[in-house]
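Remarks on the structure that follows.
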Amino acid sequence: MIEFAFVLPVFMLLIVIILDYGWLFYNQIQLENCARNAARVACVEYKETCLDPLTGEAYASGAKQKFDLSRLDASESQSTDPLTDQEKDILKEVKRTLPTSVSDVEVYIEYTYDGDYLDGTYSAFDVRNRAKGDVCVQVKGIHTAISPLVGWGSDGGDYMHRSVSCKSVYKVEKMEKNN
């Protein structure tokens with residue numbers, strides 16, 4: 001009985017650590033899948049993503065835009081939200097495939113040009129002419145752990161929550177026009 005009393009807490013601690021890290025890795029894989037699905041949606045011929053819907057011009061901060069899912073929920077109830085339909089499609093894909101234990105989700109969408117842009121052929125980013133580049137979708141969130149063991153060593157001292165982030169890059173598709 002004494003040996004069992006000494007071994008049981010250590011054994012239970014190992015079981016909890018295995019379960020908690022398994023849960024963390026499972027949610028990390030689900031978040032990667034979420035970012036990949038959103039990038040797949042964003043890589044098609046979406047010319048209104050990362051454009052200001054009020055002016056039709058690129059956002060002042062450039063090609064990388066930050067979205068959070070609360071804007072999507074607000075845009076469903078209000079018709080004056082500054083999200084384009086294409087941005088809503090991308091955010092709906094994130095929301096559809098997002099793990100339930102991940103909260104405070106932020107989505108970053110960035111379009112880049114390839115060598116022509118880097119060589120100086122293009123003077124400024126214009127999402128309408130982005131077919132020579134890539135789309136990068138990054139999904140960030142906070143994973144809620146089962147126990148505080150996963151949070152050891154995390155910044156901020158909050159041992160029940162851990163920041164998770166995944167990024168997926170796709171080549172932008174260019175649709176050929178039929179004449």
Side-chain angles (χ1 to χ4, degrees), residues 23-144 162-179:
W23 181 243
L24 174 67
F25 294 141
Y26 170 78
N27 282 304
Q28 182 74 26
I29 291 169
Q30 291 297 99
L31 199 66
E32 287 175 14
N33 186 44
C34 178
R36 184 175 48 251
N37 288 340
R40 182 185 47 79
V41 170
C43 80
V44 296
E45 195 68 21
Y46 273 13
K47 294 184 177 181
E48 295 175 9
T49 305
C50 292
L51 291 179
D52 186 349
L54 301 176
T55 64
E57 299 298 322
Y59 287 112
S61 61
K64 184 174 185 177
Q65 290 301 312
K66 174 183 169 184
F67 303 94
D68 60 22
L69 291 184
S70 62
R71 285 182 61 193
L72 178 64
D73 296 334
S75 69
E76 296 295 324
S77 61
Q78 301 172 0
S79 60
T80 60
D81 193 313
L83 287 176
T84 66
D85 289 339
Q86 295 169 357
E87 290 166 345
K88 289 178 188 177
D89 288 346
I90 295 168
L91 294 179
K92 283 179 186 177
E93 186 64 28
V94 169
K95 188 174 182 180
R96 185 182 70 79
T97 58
L98 189 68
T100 56
S101 70
V102 177
S103 60
D104 299 331
V105 177
E106 296 173 342
V107 179
Y108 296 87
I109 303 172
E110 180 178 16
Y111 290 100
T112 62
Y113 288 130
D114 61 1
D116 292 338
Y117 179 71
L118 298 174
D119 293 341
T121 307
Y122 295 104
S123 60
F125 177 82
D126 186 357
V127 75
R128 292 179 196 91
N129 300 324
R130 62 183 172 67
K132 294 189 176 202
D134 301 323
V135 60
C136 174
V137 175
Q138 184 175 17
V139 181
K140 291 183 177 183
I142 302 295
H143 166 74
T144 303
R162 190 157 190 104
S163 177
V164 289
S165 175
C166 291
K167 180 166 57 169
S168 185
V169 179
Y170 269 55
K171 181 73 177 158
V172 175
E173 296 178 9
K174 183 174 182 177
M175 301 178 108
E176 297 296 326
K177 294 181 183 179
N178 295 332
N179 292 338

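Numbers here are sequence positions counted from 1. Because only heavy atoms are used, hydrogens play no part in the values below, and waters and symmetry mates are left out as well, while side chains stay in.
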### Query
Side chains of Y108 and E106: do they bring a donor and an acceptor to under 3.5 Å?
yes

Exactly one of V94, L91, I90 clears side-chain contact (heavy atoms from CB on, under 4.5 Å) with F67, and that residue is L91

To the nearest 0.5 Å, atom SG of C34 lies from atom CG of L98 at 5.0 Å

task: May I have the step-by-step check of side-chain contact (heavy atoms from CB on, under 4.5 Å) for Q138 and S165, ending in yes or no?
output: CA-CA 7 Å; Q138 184 175 17; S165 175; 3.0 Å; yes

So NZ of K167 and CD of E110: to nearest 0.5 Å the spacing works out to 7.5 Å

Note: N27 and P99 closest approach over all heavy atoms is OD1-CB, 3.1 Å

Separation between OG1 (T97) and CG (L31), nearest 0.5 Å, reads 8.5 Å

Here the pair of heavy atoms bringing A35 nearest to C166 is CB-O, 3.9 Å

Value for CD1 (I142) from OG (S163), rounded to nearest 0.5 Å, stands at 4.5 Å

* To do: Apply side-chain contact (heavy atoms from CB on, under 4.5 Å) to the pair V137 and V41, showing each step before the final yes or no.
  => CA-CA 10 Å; V137 175; V41 170; over 6 Å; no

Between A38 and E93 the two heavy atoms that sit nearest each other are N-CG, 4.0 Å

